[in-house]
Novice: 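So that we are looking at the same thing, I have put the structure below in structure tokens.
Below, chain A is the first sequence line, B the second, and so on; all start at residue 1. Note that the structure is a prediction, hence the values are computed from the model and not measured.
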There are 2 protein chains.
Amino acid sequence: MNLKDLAAMLGLSQTTVSRALNGYPEVSEATRVRVRDAAQQYGYRPDSRARSLATGRAMAIGLVIPMSAKQEMVNPVFADFIAGAAETFAARGYDLVLSLVANADEERAYRAPTTRGRVDGLLMQAPLTSDRRIAVLQQTGLPFVVHGRTSDHDDSYSWLDTDNTTAFRAATRHLLEFGHRRIALLNGVEEMDFARRRHLGYSQALSESGIAEDPALIACQFMTETYGHAAAARMLDQPAPPTAFLCSSLLVALGARRAIEARGLKMGRDVSVVTHDDGLSYFPNGDPGAPIFTSTHSSVRDAGHLSADMLMRIIDDPDCAPLQTLLTSTFVIGHSSGPAPTT
Amino acid sequence: MNLKDLAAMLGLSQTTVSRALNGYPEVSEATRVRVRDAAQQYGYRPDSRARSLATGRAMAIGLVIPMSAKQEMVNPVFADFIAGAAETFAARGYDLVLSLVANADEERAYRAPTTRGRVDGLLMQAPLTSDRRIAVLQQTGLPFVVHGRTSDHDDSYSWLDTDNTTAFRAATRHLLEFGHRRIALLNGVEEMDFARRRHLGYSQALSESGIAEDPALIACQFMTETYGHAAAARMLDQPAPPTAFLCSSLLVALGARRAIEARGLKMGRDVSVVTHDDGLSYFPNGDPGAPIFTSTHSSVRDAGHLSADMLMRIIDDPDCAPLQTLLTSTFVIGHSSGPAPTT
DNA sequence: GGCGTTGCTCAAAGCGCTTTGGACGTGAGT
DNA sequence: ACTCACGTCCAAAGCGCTTTGAGCAACGCC
């Protein structure tokens with residue numbers, strides 16, 4: 001059922017029918033009702049491509065999802081990010097077009113989002129510290145917002161990021177104030193910019209207290225439970241074990257807790273744990289109001305929401321200056337951290 | 001840069017340029033090279049909407065992602081499913097269009113995938129036991145494949161599913177053979193069809209051994225670590241605690257393990273745990289070759305791959321009979337299960 | 001009566017591509 | 001010399017929508 005067919009059926013022109021359905025004022029209320037009823041009855045649905053071709057707007061947003069090709073790892077965070085973004089977009093009538101891109105695959109990273117006309121803007125996630133894709137996106141001229149930042153790129157693009165450095169500095173300080181001196185960092189892969197920034201915050205807090213960083217207390221890997229367990233176990237079995245762990249994700253913290261408890265120690269008393277918490281819907285930190293882990297909390301779903309809002313604003317006004325939002329994570333006190341044990 | 005512009009620039013017709021770029025034989029090798037070079041040089045990229053409008057194919061697949069509105073829960077499994085599917089689609093030049101749909105929101109569930117022309121087919125996930133969306137999809141006439149099944153719908157559509165019932169029956173038998181008599185089931189929400197089928201398998205195995213099902217040993221909820229912990233803890237503190245847990249996800253199993261170990265018990269010796277393992281890339285069951293949990297394993301990423309293959313086949317031959325694939329999960333022996341303790 | 005207004009409707013020109021149905025040599029076969 | 005096939009290219013007709021510019025009544029106003 002075309003617009004043409006529908007118009008013929010009604011004895012009207014395509015113009016009038018189109019206007020009636022799209023709410024233009026130049027059409028009488030009587031015919032509008034007539035048109036709407038007929039459209040409903042015959043199940044008419046405009047063809048999105050034709051409409052998009054005519055209007056110039058695709059009514060779709062591209063989502064560039066990085067995959068670490070090496071380990072076939074999918075970022076567990078992106079589901080919630082999308083969920084947040086999708087709400088905003090759906091409300092404005094935009095669809096989401098995915099392009100999964102292996103970090104290494106420059107060619108597709110370039111081509112995929114560039115297929116002309118598919119999308120009106122892009123959302124990019126999880127940039128590496130040295131990520132060339134941002135430059136590529138800038139060249140295309142398409143509006144885009146990056147979730148995260150790239151340390152080695154100038155700041156001439158729009159991004160939304162969490163205050164990773166500040167948050168991890170605060171978390172480290174929290175542990176320092178509790179008297180901890182040997183604080184381990186179980187970080188993500190430091191190719192990722194967020195991991196690099198968290199490490200930086202950790203380093204800053206340590207050096208502010210005049211404590212030297214111990215390489216034996218630092219691990220960086222894909223953030224899984226087994227990794228958290230293995231790294232924590234290894235460190236705890238050292239001659240000079242850490243009295244506290246700072247983790248980059250709840251999953252890692254879970255692993256650390258297991259290592260701690262397997263050694264007959266009690267988390268929060270013998271060994272403290274502080275973790276970052278992305279607030280993933282399917283992975284809550286305890287029950288609402290009763291957090292288990294002391295954590296720096298920043299909802300990645302909210303980040304999705306806000307990134308989408310930003311992108312919408314840029315699409316509405318393409319010539320505006322780059323928008324940049326820095327979210328401050330909240331520090332949540334749970335049962336997992338406490339005073340350093342007096343030896 | 002249009003096709004028109006490019007053609008004018010080259011002194012050729014649009015026809016010839018289009019054919020040169022799309023590899024039609026009616027164009028001489030010399031001009032083909034000339035055209036390709038020019039396209040490269042001027043960065044010509046065909047407009048996907050125009051092409052799609054002309055060819056009739058959208059070169060995109062819709063992905064219906066359910067969200068449980070109540071709890072704002074995003075299915076953690078879908079990231080890996082998408083990753084698998086995306087590989088197949090990308091190889092064939094198809095994009096992925098997301099529509100997140102709240103389970104309750106019938107209206108959007110209906111409308112979203114129906115926007116005409118956006119997609120050539122649909123992939124649907126995680127159906128409920130009584131899911132009306134399948135009927136809706138059938139009405140649209142669009143090719144689609146469901147990941148999972150719906151027990152209360154006839155079998156006239158294409159699906160790919162894991163043998164949930166058989167797997168959970170086998171897992172339960174495994175525990176029964178070890179002498180366990182009080183086996184707890186920590187299931188997902190039983191609105192979901194897969195959860196219902198797993199419960200069924202569990203029930204079958206029990207009744208085959210003449211054991212009555214104990215409601216106090218059955219829990220069904222969104223599958224989180226805290227849920228696993230809370231449910232397992234509650235059950236272990238009963239007067240007649242279970243000697244084994246059968247879990248629907250690794251996250252839940254992790255919680256159960258925590259509850260077990262917190263009571264000074266050893267998993268695999270005092271209390272056994274068997275879990276389903278979706279093989280999520282970011283959540284491995286121990287290291288490769290050294291599984292921690294005894295599990296029924298079925299890679300959801302592979303499922304994505306295969307579903308995509310099926311959909312491609314249906315799109316190529318729309319009149320073929322419904323394709324239906326039942327994956328058999330492998331039973332993996334880990335350290336988490338062993339003989340029931342002799343009391 | 002002539003004029004501008006207002007309200008409703010339409011024909012037709014795109015949007016940027018693919019594809020059909022020739023056109024125009026060129027060389028071989030009869 | 002005429003035909004026929006072949007290789008190479010083109011003009012133009014869509015695909016299904018939006019939007020411009022204009023037409024046509026009917027109406028009130030000077």
Side-chain angles (χ1 to χ4, degrees), chain A residues 1-36 38-39 42-60 93-95 111 114-120 140-142, chain B residues 1-36 38-39 42-60 93 95 114-120 140-142:
Chain A
M1 171 63 76
N2 288 355
L3 184 62
K4 196 156 107 184
D5 297 348
L6 186 63
M9 210 151 260
L10 283 163
L12 288 171
S13 74
Q14 294 190 42
T15 314
T16 306
V17 176
S18 170
R19 283 185 169 153
L21 291 174
N22 293 331
Y24 283 74
E26 297 97 331
V27 69
S28 74
E29 206 46 38
T31 54
R32 188 189 303 279
V33 168
R34 201 159 68 92
V35 169
R36 268 200 191 136
Y42 296 111
Y44 167 75
R45 322 210 123 258
D47 185 297
S48 60
R49 299 160 298 181
R51 162 178 283 175
S52 161
L53 190 55
T55 57
R57 276 165 307 137
M59 294 307 282
Y94 281 79
D95 279 348
R111 192 192 48 187
T114 307
T115 319
R116 255 180 54 222
R118 262 262 191 275
V119 298
D120 299 317
T140 68
L142 264 175
Chain B
M1 172 61 76
N2 287 355
L3 184 63
K4 196 157 106 184
D5 297 347
L6 186 63
M9 210 151 260
L10 283 162
L12 287 171
S13 75
Q14 294 190 41
T15 313
T16 306
V17 176
S18 169
R19 283 185 169 154
L21 291 174
N22 293 330
Y24 281 74
E26 296 97 332
V27 70
S28 74
E29 206 46 39
T31 54
R32 189 189 303 280
V33 168
R34 201 160 67 91
V35 170
R36 269 201 192 135
Y42 297 111
Y44 167 75
R45 321 211 123 257
D47 185 297
S48 60
R49 299 160 297 181
R51 161 178 284 175
S52 162
L53 189 56
T55 58
R57 275 165 306 137
M59 295 306 282
D95 279 348
T114 307
T115 320
R116 256 181 52 222
R118 261 265 191 274
V119 298
D120 299 316
T140 68
L142 224 58

Novice: Measure from the side chain of B:S18, starting at C-beta and using heavy atoms only, and say which of C:dT18, C:dC10, D:dT18 lies closest.
Specialist: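 Selected nucleotide (nearest to the side chain): C:dT18.
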Novice: Nearest to the side chain of A:N22, heavy atoms from C-beta on, is which of C:dC10, D:dT18, D:dC17?
Specialist: D:dT18
Novice: For the pair made of CD in B:E29 and C1' in D:dG7, what is the distance, rounded to whole Å?
Specialist: 13 Å
Novice: I want to verify a distance call: between C:dT18, D:dC17, C:dT9, whose nearest atom is closest to the A:L12 side chain?
Specialist: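 So the side chain of A:L12 is nearest to C:dT9.
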Novice: Rounded to whole angstroms, how far apart are OH on A:Y24 and C1' on D:dT20?
Specialist: 11 Å
Novice: May I have the distance from B:R49 (atom CZ) to C:dT18 (atom C1'), rounded to whole angstrom?
Specialist: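 In whole Å, C:dT18 C1' and B:R49 CZ are 16 Å from each other.
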Novice: Do B:S13 and B:T16 have side-chain N/O donor and acceptor atoms under 3.5 Å apart?
Specialist: yes
Novice: How about B:M59 and B:V119: do any of their side-chain heavy atoms sit closer than 4.5 Å?
Specialist: no
Novice: For the side chain of B:T31 and the base of D:dT8, is some donor closer than 3.5 Å to an acceptor across the two?
Specialist: no
Novice: Taking side chain as C-beta onward, heavy atoms only, is B:L21 less than 4.5 Å from B:R32?
Specialist: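 B:L21 vs B:R32: side chains apart.
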Novice: Let's see if you can work this out: which of D:dT18, D:dG16, C:dT9 has an atom nearest to the side-chain heavy atoms of A:T16?
Specialist: C:dT9
Novice: Between the base of C:dT19 and the side chain of B:T15, is there a donor-acceptor distance below 3.5 Å?
Specialist: yes
Novice: Can you figure out which of D:dC17, C:dC17, D:dC10 approaches the side chain of B:L3 most closely?
Specialist: C:dC17
Novice: Between D:dC17, D:dT18, C:dC17, which nucleotide has the shortest distance from any of its atoms to the side chain of A:N2?
Specialist: D:dC17
Novice: Measure CZ/A:R57 against P/D:dG16 and give the value in whole Å, please.
Specialist: 21 Å
Novice: Would you kindly give the CD-to-P distance between B:Q14 and C:dG16, to the nearest whole Å?
Specialist: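 Atom-to-atom, B:Q14 to C:dG16, this comes out as 10 Å.
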Novice: Could you tell me the separation between the NZ atom of B:K4 and the P atom of C:dC17, rounded to a whole number of Å?
Specialist: 10 Å
Novice: Picking from D:dG16, D:dC9, C:dT9, which would you name as closest to the side chain of B:S28?
Specialist: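 Nucleotide nearest to B:S28's side chain: D:dC9.
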Novice: What's the closest nucleotide to the B:E26 side chain, out of D:dG16, D:dT18, D:dT8?
Specialist: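 Output: D:dT8.
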Novice: A side-chain contact here means heavy atoms from C-beta on lying under 4.5 Å apart; do B:M1 and B:M9 qualify?
Specialist: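 Yes; the side chains approach each other to less than 4.5 Å.
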Novice: Within this structure, what is the CZ-to-P distance between A:R19 and D:dG21, rounded to whole angstrom?
Specialist: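 In whole Å, D:dG21 P lies 12 Å from A:R19 CZ.
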Novice: How long is the line joining CZ of A:R51 and P of C:dC17, in whole Å?
Specialist: 21 Å
